[in-house]
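Take a look at the structure below.
All values below come from the heavy atoms of this structure, side chains included, with hydrogens, waters and symmetry mates left out. Here the structure is a predicted model, which is why all the values come from computation and not from measurement.
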Amino acid sequence: MESESQPSVQRPRLTLPRTARVTHGSDFERAWKLGSRARGELLVVVANRNGLEGARVGLSVGKKIWKRAVDRNRVRRIFREAFRLTRHDLPGGHDYILVPAAPKLEPTLAATCRELARLGPKAVARLREKQAGGNPAT
RNA sequence: UGAGGCGCCUGGACGGUCGCUCCGCCGCAAGGUGGGGAGGAAAGUCCGGGCUCCACGGGUCAGGGUGGUUGUCAACGGCAACCGGCCGCGAGGCCAGGGAAAGUGCCACAGAGAACAGACCGCCUCGUGCGGGCGCCUUCGCGGGCGGCCGCGCGGUAAGGGUGAAACGGUGCGGUAAGAGCGCACCGCGGACCUGGUGACAAGUCCGGCACGGCAAACCCCACCCGGAGAAAGAUCAAAUAGGGAAGGACACGUGGCGACGACCCUCGUCCAGGGCCUUCCGGGUAGAUCGUUCGAGGCCGGGCGCGAGGUCGGUCCCAGAGAAAUGGCCGUCGCCCCUCGCGGGGAGACAGAACCCGGCUUACAGGGCGCCUCACGCC
RNA sequence: GCUGCUGUAGCUCAGUGGUAGAGCACUUCCUUGGUAAGGAAGAGGCCAAGGGUUCAAUCCCCUUCAGCAGCU
């Protein structure tokens with residue numbers, strides 16, 4: 001944590017512009033159809049190639065998870081903040097759809113960051129495996 | 001001091017830092033900079049409107065809603081004041097609160113009787129029949145007469161008991177064989193008149209003599225109101241692909257018509273084979289984009305009007321606008337609550353998240369605060 | 001965003017303004033050497049919650065809470 005103040009690695013600023021968000025329904029549908037998944041304690045990560053430079057995030061928090069809109073917003077904001085902090089450590093060129101793993105979880109930011117950093121690359125690796133085995137052309 | 005009633009407000013504050021979104025300015029751009037950024041319920045979607053599109057000659061019926069009166073309002077099933085009923089010692093609270101002498105229907109069980117009422121237990125001995133025994137009078141006696149008693153029946157009665165949610169007015173006095181609106185007084189009920197009030201209604205006088213049980217959130221009747229859908233409404237722009245129309249061109253020999261999956265027929269002289277391409281423009285329109293989309297029956301302050309809901313005049317302010325959907329993360333100080341005698345320290349922090357916009361209603365809500373009023377006790 | 005439907009025994013469902021029922025399941029007994037089937041008896045319900053109308057509400061009315069379905 002304290003090593004971040006070192007100037008040795010020139011880290012980019014931790015922003016989250018709209019270009020880093022999945023904003024189209026068709027992108028979501030492609031991810032559900034073609035993407036690979038990795039499941040953890042708190043969240044499920046669905047990864048799919050997007051043909052762009054950086055990583056993008058999409059949030060999918062359904063009404064079954066929490067009944068109240070306040071709680072759903074809470075989960076969304078934690079997921080979004082976790083992606084903002086870990087976004088440059090994840091493999092680029094992919095869309096990541098984040099889904100709560102189970103109903104009525106109360107994720108903390110630190111735990112979500114850890115899981116996202118672990119599950120993101122895992123899902124991307126599975127995607128490569130799948131595409132190499134099945135269809136070689138993208 | 002304690003217990004309570006009513007109305008209302010608030011819903012942590014400040015700072016640093018990393019981000020998000022909208023607007024203004026600077027910049028070719030990347031970006032920089034200044035400012036705004038959830039609620040009283042944003043909720044449920046129970047009502048009412050604005051707005052948009054669709055439908056529409058008028059009337060009637062059907063269907064739905066509302067239901068004291070007068071107001072208020074853009075409108076309402078909201079709100080205010082008043083009226084009536086019920087509850088509370090009281091401040092106050094609650095009420096779908098029109099019509100049951102237009103009609104239909106229902107009122108279980110219990111009970112004698114339940115909607116043109118009824119007579120079980122009782123009560124009565126005025127009337128009447130039978131039986132029993134008693135007293136008195138009369139008779140030698142049998143017998144007869146009179147009086148009153150008991151039982152059974154006819155009869156009278158509806159006060160009392162009992163049943164029920166409800167029993168065909170209530171209480172008291174008179175009256176009677178016992179009783180009964182049978183009579184009287186008061187109350188209730190009904191009718192008429194009159195007074196006050198815009199009105200709901202209230203007060204008063206007179207009369208009637210009780211006739212008219214309840215349920216319309218049962219059907220229904222009466223009065224009034226209501227066209228449908230909803231911003232994913234709707235409007236504008238508009239790729240790619242396919243297809244439609246028009247013009248021009250190229251290729252080709254076949255072209256065109258009727259017609260039909262192949263046949264066949266007609267026209268130019270017959271038969272066979274085959275082609276249907278390119279460019280430009282037009283219109284519809286999908287993905288997508290933009291608008292609708294936040295200045296409004298708006299907030300705040302003040303004046304005068306009204307009991308009040310509210311209305312009016314003047315001043316002032318601009319106060320969220322996303323779109324797989326911003327309003328968040330981390331840190332610090334103070335404040336509040338809980339644990340602890342205390343210092344210190346630790347923990348918790350309600351209900352809940354805008355999606356076209358308003359007016360209400362309803363529901364949820366840790367804690368804190370304000371105002372007015374009532375009752376009880378104590379002291380002066 | 002809008003609309004509709006359903007909440008009754010452990011489960012699946014009836015029911016209607018007047019003491020709430022059926023089938024399966026459960027308990028006990030009989031039958032059998034034993035089990036199943038069969039027979040007999042029994043238990044189990046604040047009819048989703050809160051108000052209101054009514055003499056009386058599972059039923060009628062209002063509000064709330066769940067669950068399900070549909071339209072776009």
Side-chain angles (χ1 to χ4, degrees):
Chain A
M1 292 294 180
E2 294 80 9
S3 64
E4 283 187 351
S5 59
Q6 295 296 100
S8 59
V9 182
Q10 182 64 32
R11 298 190 64 89
R13 297 180 55 221
L14 296 173
T15 60
L16 189 68
R18 187 142 290 276
T19 52
R21 302 287 296 276
V22 181
T23 56
H24 284 78
S26 53
D27 292 334
F28 274 88
E29 279 175 31
R30 258 191 304 119
W32 291 123
K33 213 170 166 185
L34 306 172
S36 292
R37 295 153 199 237
R39 186 185 185 88
E41 291 288 316
L42 292 171
L43 58 135
V44 176
V45 176
V46 181
N48 187 44
R49 300 188 62 86
N50 59 9
L52 299 171
E53 287 289 316
R56 296 194 303 179
V57 67
L59 304 171
S60 179
V61 180
K63 216 167 188 175
K64 296 245 172 107
I65 303 304
W66 280 104
K67 192 173 177 293
R68 300 187 306 168
V70 189
D71 302 317
R72 290 198 300 274
N73 281 343
R74 178 95 196 127
V75 172
R76 266 192 282 265
R77 282 165 180 159
I78 287 174
F79 282 7
R80 187 158 50 83
E81 186 70 10
F83 181 80
R84 180 176 79 89
L85 296 173
T86 61
R87 148 181 187 226
H88 295 289
D89 301 328
L90 292 170
H94 290 82
D95 287 343
Y96 298 93
I97 311 296
L98 307 185
V99 184
K104 302 204 171 174
L105 292 175
E106 292 186 25
T108 62
L109 181 60
T112 309
C113 284
R114 267 183 267 116
E115 274 214 5
L116 182 56
R118 187 168 60 84
L119 295 175
K122 189 173 171 185
V124 170
R126 278 190 187 170
L127 183 67
R128 290 221 181 86
E129 217 175 288
K130 180 176 167 187
Q131 288 180 337
N135 194 2
T138 46

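At whole-Å resolution of the value, NZ in A:Lys63 and P in C:A66 are 11 Å apart. A:Asn73 places its CG atom 15 Å from the P atom of B:A324, with the value rounded to the nearest Å. Between A:Arg56 atom CZ and B:A324 atom P the separation is 12 Å, expressed in whole Å. Taking atom CD of residue A:Glu29 and atom P of nucleotide B:A324, one finds them 13 Å apart after rounding to whole Å. When the P atom of B:A325 is taken as reference, atom CG of A:Asp27 falls 12 Å away, rounded to whole Å. Between A:Glu81 atom CD and B:C331 atom P the separation is 12 Å, expressed in whole Å. Put simply, CZ on A:Arg18 is 8 Å from C1' on B:A322, counting in whole angstrom units. Protein atom CG of A:Leu85 is 12 Å distant from nucleotide atom P of B:G329, rounded to whole Å.
Its glycosidic angle being within 90° of 0, B:U294 falls on the syn side. For B:A38, the base adopts the syn conformation, since its glycosidic angle falls within 90 degrees of zero. For B:G35, the glycosidic angle deviates from 0 by more than 90°, giving an anti base. With its glycosidic angle more than 90° from 0, B:G243 is assigned anti.
Listed candidates were B:G288, B:G353, B:C20. Nearest to the side chain of A:Ala69 is B:G353. Picking from B:A352, B:C20, B:U327 the nucleotide with the shortest atom distance to the side chain of A:Val70 gives B:A352.
For A:Arg68 and A:Gly58, each mapped to the nucleotide of RNA chain B holding its nearest heavy atom, the one lying further toward the 5' end belongs to A:Gly58. Taking for each of A:Thr23 and A:Asp71 the nucleotide of RNA chain B with the nearest heavy atom, the 5'-most of the two is the partner of A:Thr23.
In plain terms, the two heavy atoms of A:Val75 and A:Pro107 that are nearest each other are CG2-CD, 4.3 Å. Considering all non-hydrogen atoms of both residues, A:Leu34 and A:Leu127 come closest at O-CD1, 3.8 Å.
Atom name C1', nucleotides B:G230 and B:A81: the rounded distance is 39 Å, in whole Å. Of the C1' atoms belonging to B:A165 and B:C73, the separation is 45 Å, rounded to the nearest Å.
With both pairing distances under 3.5 Å, B:G183 is matched to B:C173 as a Watson-Crick or G-U wobble pair. Shown here, B:C193 forms a base pair with B:G204; the pair counts as Watson-Crick or G-U wobble because both key distances fall under 3.5 Å. Judged by Watson-Crick or G-U wobble contacts below 3.5 Å, the nucleotide B:C330 has B:G16 as its partner. Checking B:U163 for Watson-Crick or G-U wobble geometry (two distances, each under 3.5 Å) identifies no partner in any strand.
The residue A:Arg76 sits apart from the nucleic acid: no heavy atom pair falls under 4.0 Å. Looking at heavy-atom distances under 4.0 Å, A:Arg21 makes contact with sugar-phosphate atoms alone, never a base.
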Heavy atoms under 4.0 Å is the rule here; annotate nucleotides 67-72 of chain C 5' to 3' with B where the base is hit, S where only the sugar-phosphate is, and - elsewhere. ------
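Under the 4.0 Å criterion applied to side-chain N and carboxylate O atoms, A:Asp95 and A:Arg30 are not assigned as salt-bridge partners. A salt bridge between A:Asp71 and A:Arg74 is absent, with no side-chain N of the basic residue lying under 4.0 Å from a carboxylate O of the acidic one.
Separation of atoms CZ (A:Arg114) and CG (A:Leu109) is listed at 10.0 Å; rounding is to 0.5 Å.
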Begin with the C-alpha distance, continue with both residues' side-chain angles, and end with the deciding distance and a verdict on side chain to side chain contact (heavy atoms under 4.5 Å, CB included) for A:Leu16 and A:Glu81. CA-CA 9 Å; A:Leu16 189 68; A:Glu81 186 70 10; over 6 Å; no
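When atom types are taken as modelled, the side chain of A:Arg126 and the backbone of A:Arg37 share a donor-acceptor pair closer than 3.5 angstrom. In terms of modelled atom types and a separation under 3.5 Å, the side chain of A:Arg72 and the main chain of A:Lys63 share no donor-acceptor contact. No donor-acceptor pair closer than 3.5 Å links the side chain of A:Arg21 to the backbone N or O of A:Leu59.
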For RNA chain C, the dot-bracket pattern of Watson-Crick and G-U pairs whose distances stay under 3.5 Å, | for other-strand partners: (((((((..((((....[..)))).(((((.......))))).....(((((..]....)))))))))))).
